[in-house]
Number of protein chains: 2
Amino acid sequence: MNAKKKQIIDAAHRLFIEKGFALTSIQDILDEAGIAKGTFYNYFASKNECLMAILEFVKEEGDQKRKELAHGKLKDNEKVLVAQIAIRMNINRKHSIMAVFESVSVSDDTDLKTLLKNQHIEELKWLSTRITEVFRFENRRYSLDHAVMLLGMVHHLMHVWKLGTSKEIASEEVIQFALNRLKPIIEEQMQSKEVFFQNDWLPMSIDPSVTDSTEMKKKVLVKLERLDKKVGKMERIDQKKSDYIKFLQDELQAEWPRTFLLESVLMSLSHVFEQSDYEHEVNQLSKMVWQLMEQIEA
Amino acid sequence: MNAKKKQIIDAAHRLFIEKGFALTSIQDILDEAGIAKGTFYNYFASKNECLMAILEFVKEEGDQKRKELAHGKLKDNEKVLVAQIAIRMNINRKHSIMAVFESVSVSDDTDLKTLLKNQHIEELKWLSTRITEVFRFENRRYSLDHAVMLLGMVHHLMHVWKLGTSKEIASEEVIQFALNRLKPIIEEQMQSKEVFFQNDWLPMSIDPSVTDSTEMKKKVLVKLERLDKKVGKMERIDQKKSDYIKFLQDELQAEWPRTFLLESVLMSLSHVFEQSDYEHEVNQLSKMVWQLMEQIEA
DNA sequence: GCTATTTTTAGACTATCGGTATAAAATACT
DNA sequence: AGTATTTTATACCGATAGTCTAAAAATAGC
């Protein structure tokens with residue numbers, strides 16, 4: 001990642017932790033990072049996009065630590081599970097990110113909402129497989145239920161704890177308590193066979209909230225426009241990228257976009273953006289176009 | 001309640017449901033209600049205060065319905081409990097209030113935060129006594145734990161449901177499922193005797209976050225100022241109210257405020273504001289002064 | 001080391017928002 | 001009818017997110 005970008009992210013990160021997202025103005029970030037406004041908007045299209053970069057960074061960090069924790073331990077080690085869950089909680093607490101997580105739900109930024117949603121989905125998927133690993137494997141049919149309930153309990157216990165005191169409590173303590181409560185649930189549910197979520201409940205789609213294909217197309221075009229702008233600005237003249245993007249824009253606006261062409265160009269686009277700062281963005285774009293085409297053809 | 005005030009509240013309410021709190025501007029409310037800006041600020045000191053009025057209104061509505069539901073039924077009727085919990089959930093869902101509930105946590109409006117906190121506390125207290133009523137009375141030592149975990153499960157189950165589909169689900173279904181999961185927890189916890197929250201865990205204080213008495217005093221004075229302004233504007237000349245407020249302002253700024261005088265005047269103030277629109281506000285003020293005096297004397 | 005290119009800067013600018021202020025018009029009270 | 005109160009329209013303020021530009025600074029390629 002570009003050094004300047006990292007510098008901005010770090011500054012914003014510090015401020016978000018210190019004062020919270022909503023109460024941190026762009027100007028604050030500029031002052032903290034010691035940069036000009038133009039520089040900021042050179043790297044992020046908005047404050048939200050900056051937050052998204054931070055969230056992604058933080059998630060990576062957490063995933064890494066979780067891996068390290070598991071290293072050399074048996075998969076069914078309960079203490080490891082507790083510690084792993086605690087990592088995310090501690091990071092979230094340290095970074096005051098739970099607040100952000102919820103505060104954005106009233107924002108209209110679809111990208112940010114999607115990011116949060118997807119991170120949440122991934123967390124649940126991870127936890128539900130971990131639960132099958134730690135507990136009796138036969139509970140796998142209910143493991144998503146268990147993951148959801150466990151997280152719900154943990155978060156709410158923590159929340160209520162904060163209602164009553166400003167003292168800190170070790171996340172592990174909360175998690176262990178909730179986990180102990182989960183155990184009888186697991187036993188009971190395997191008896192009663194009552195199930196709430198099938199294990200394939202969680203979607204992997206990028207943005208299921210948009211079902212209208214014209215809306216979707218508009219969003220894709222906006223994304224392309226943004227990407228084009230960035231490419232025009234940032235890269236040493238790379239006509240190819242620009243050409244690809246232009247083509248996609250034209251083709252998408254045609255009455256019957258040719259799927260095979262889109263597919264091909266998207267592949268190429270992903271390829272030329274590999275390992276760049278925009279890899280993620282391009283991948284997302286690609287998925288969105290796919291989804292769009294499916295809708296149009298249906 | 002004043003008709004005009006109700007008119008504004010209704011308009012704002014509709015808009016908050018439709019577009020969410022953050023995305024509804026004051027101007028939107030003015031247009032929807034067909035009033036001028038001045039009128040709005042005649043009744044509410046801020047957008048947040050308007051939201052607070054709505055939240056209080058909605059809570060009342062819910063409490064009422066819960067009472068009606070319980071009427072004539074036995075206290076240990078499980079179905080009644082489920083329906084009662086569902087009421088608040090449905091209202092929250094209908095009013096998109098969960099979003100608000102969380103979104104405000106990043107705001108710096110202490111009043112609003114306090115209101116939400118207090119409503120949350122009340123909900124938990126209510127639920128924990130209801131749980132002892134419905135289930136074995138011997139579980140009362142753990143009933144707060146159970147209330148917290150039940151709500152945590154319910155909310156998270158609902159949240160994850162929405163991640164996977166846009167289909168509606170009956171709140172009762174979610175609640176019943178979570179309640180069935182709670183049962184083995186209750187049994188197990190009475191065995192293991194592991195407890196997380198003592199039943200006196202929840203505070204009743206108005207704003208425990210402010211521990212600094214000078215900060216507190218400042219807040220009280222601001223509140224008095226606001227109240228004074230309103231009184232000056234709204235009521236037909238009522239010198240008494242104004243006098244009381246002025247006195248409180250002076251006395252509080254004295255080096256050693258005389259507790260007995262404050263007490264007396266606060267009583268009178270509560271009395272003259274009884275059944276007015278500001279009853280709640282005055283009561284809160286009163287509690288804050290009490291808390292303040294305790295701190296000062298300690 | 002020089003030049004061409006890119007990045008960064010400072011700051012002016014727009015539009016929106018929450019909130020204040022005020023004078024005139026409408027309404028209510030007596 | 002005359003006075004007090006509420007409501008309106010509108011101008012205004014300061015803060016904010018975001019755009020744009022022209023010039024300075026940094027950096028790359030040769």
Side-chain angles (χ1 to χ4, degrees), chain A residues 1-8 11-12 15-16 19-52 103-104 106-109 111-112 222 225-226 229-239 242 277, chain B residues 1-8 11-12 15-16 19-52 103-104 106-109 111-112 222 225-226 229-239 242 277:
Chain A
M1 184 182 312
N2 186 305
K4 206 92 195 175
K5 190 169 180 180
K6 189 71 180 33
Q7 176 188 346
I8 300 173
L15 290 173
F16 289 170
K19 328 199 296 171
F21 177 68
L23 297 180
T24 300
S25 70
I26 301 262
Q27 192 57 52
D28 292 335
I29 301 175
L30 306 184
D31 295 344
E32 175 82 10
I35 54 157
K37 206 170 216 176
T39 311
F40 180 90
Y41 283 100
N42 209 357
Y43 292 101
F44 306 101
S46 68
K47 197 171 127 187
N48 275 351
E49 214 169 83
C50 177
L51 172 62
M52 288 169 69
S103 86
V104 181
V106 282
S107 142
D108 61 343
D109 189 314
D111 288 349
L112 183 45
V222 168
E225 194 60 47
R226 276 223 292 266
K229 223 164 157 186
K230 284 178 191 161
V231 167
K233 263 190 199 165
M234 298 225 18
E235 305 291 332
R236 343 227 168 287
I237 333 114
D238 185 343
Q239 196 55 46
S242 200
D277 271 4
Chain B
M1 184 183 310
N2 185 305
K4 207 92 194 175
K5 189 169 181 180
K6 189 72 179 33
Q7 175 189 345
I8 300 173
L15 290 173
F16 290 169
K19 329 199 295 170
F21 178 67
L23 297 180
T24 299
S25 71
I26 301 262
Q27 193 57 53
D28 292 335
I29 301 176
L30 306 184
D31 295 344
E32 176 81 11
I35 55 157
K37 208 170 210 176
T39 311
F40 180 90
Y41 282 99
N42 210 357
Y43 291 101
F44 306 101
S46 66
K47 195 172 133 187
N48 275 351
E49 214 169 84
C50 177
L51 172 62
M52 288 169 69
S103 86
V104 182
V106 282
S107 143
D108 60 346
D109 188 314
D111 287 349
L112 183 45
V222 168
E225 195 60 47
R226 275 223 293 264
K229 222 163 160 187
K230 284 179 192 162
V231 167
K233 263 190 198 167
M234 298 224 21
E235 306 290 333
R236 341 226 169 291
I237 335 114
D238 185 341
Q239 196 54 47
S242 201
D277 271 5

Could you encode protein contacts along nucleotides 12-21 of chain C as a string, one character per nucleotide from 5' to 3', using B for base contact, S for sugar-phosphate-only contact and - for no contact, with a heavy-atom cut-off of under 4.0 Å? ------SBB-
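Within the 4.5 Å cutoff, the side chain of B:F16 has no heavy atoms near those of the B:D28 side chain. Taking the side chain as every heavy atom from C-beta outward, A:F44 and A:K5 approach each other to under 4.5 Å.
Listed by chain and residue number, nothing satisfies the salt bridge (Lys or Arg N to Asp or Glu O under 4.0 Å) test with B:D31 (two or more places apart in sequence, or in another chain).
Protein atom CG of A:D31 is 11 Å distant from nucleotide atom P of D:dT16, rounded to whole Å. The separation between B:N2 atom CG and C:dA28 atom P is 12 Å, rounded to whole Å. Taking atom NZ on B:K5 and atom P on D:dT7, their separation rounds to 12 Å, with Å as the unit. Separating the OH atom of A:Y43 from the C1' atom of D:dG18 is a distance of 18 Å, rounded to the nearest angstrom. Nucleotide C:dA26 holds its C1' atom 16 Å from the CD1 atom of B:I35, rounded to whole Å. Rounded to an integer number of Å, the gap from CG of B:L30 to C1' of D:dA11 is 15 Å. In this entry the distance linking CG of A:N42 with C1' of D:dT21 reads 14 Å, nearest Å.
Evaluation of the salt bridge (Lys or Arg N to Asp or Glu O under 4.0 Å) test over residues 32-41 of chain B, restricted to residues two or more places apart or in two chains, returns B:R14-B:E32.
One finds the CG atom of B:L112 at 6.0 Å from the CE atom of B:M52 (value rounded to the nearest 0.5 Å). Taken to the nearest 0.5 Å, the OH atom of B:Y43 stands 6.5 Å off from the CD1 atom of B:I8.
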